[in-house]
Amino acid sequence: MSVGLRVRKNDQVVVIAGRDRGKRGKVLRIFPTRNRAIVERINMIKRHTRPNPQQNIKGGLVEREASIEASNLMIVCGECDRPTRLRHKRLNDGRKVRICHQCEGVIDK
Ligand SMILES: [Zn+2]
């Protein structure tokens with residue numbers, strides 16, 4: 001079975017390797033089978049597009065995010081504001097959440 005992605009949609013992450021190292025953003029989309037994710041304003045690429053008046057798309061160069069290896073990302077804890085590894089915890093109400101390895105703040109609100 002797959003090991004699963006470390007990141008989930010809407011996670012706050014920091015890039016730990018590659019061209020955008022040190023930048024932060026929000027996870028917009030994940031591709032679990034490919035172990036990749038798209039992160040807001042990270043790994044921007046320029047693309048030529050054709051105009052499409054019906055969809056109100058102007059032609060020309062458009063910047064958009066390209067996917068990035070999920071292993072190049074690390075989750076940023078919203079509580080202590082540091083990149084962190086995660087632990088899992090079961091709350092009193094039975095909910096399973098991910099918590100910060102360092103400050104034990106709950107990542108999943
Ligand atoms: Zn923390």
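Note that ligands are numbered from 1 as they come in the structure, with each ligand's atoms numbered from 1 the same way. This chain uses plain numbering: 1 for the first residue, then up along the sequence.
- A donor-acceptor contact shorter than 3.5 Å is absent between the side chain of Glu63 and the backbone of Arg41.
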In a table with atom names and distances, give each donor-acceptor pair under 3.5 Å that connects a side chain of residues 14-28 to protein atoms at least two apart or in another chain.
from  : atom 1 : to    : atom 2 : distance (Å)
Arg19 : NH2    : Asn43 : OD1    : 3.1
Arg19 : NH2    : Met44 : O      : 3.3
Asp20 : OD1    : Lys23 : NZ     : 3.0
Asp20 : OD2    : Asn43 : N      : 2.5
Arg24 : NH1    : Asp81 : OD1    : 2.9
Arg24 : NH2    : Asp81 : O      : 3.3

All N/O donor-acceptor pairs, side-chain side in residues 49-60, below 3.5 Å, sequence neighbours left out:
from  : atom 1 : to    : atom 2 : distance (Å)
Thr49 : OG1    : Gly60 : O      : 3.2
Asn52 : OD1    : Gln54 : N      : 3.2
Asn52 : OD1    : Gln55 : N      : 3.4

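- By the 6.0 Å contact criterion, CG on Asp93 is enclosed, its count of non-hydrogen atoms from other residues, nucleotides or ligands being greater than 12.
- At a cut-off of 2.8 Å, measuring from the Zn ion (ligand 1), the protein N, O or S atoms that fall short of it are Cys77 SG, Cys80 SG, Cys100 SG, Cys103 SG, waters left aside.
- A distance of 5.0 Å separates CD1 in Ile99 from NZ in Lys89, rounded to the nearest 0.5 Å.
- For Arg47, the side chain to side chain contact (heavy atoms under 4.5 Å, CB included) partners are Ile45, Arg64, not counting sequence neighbours.
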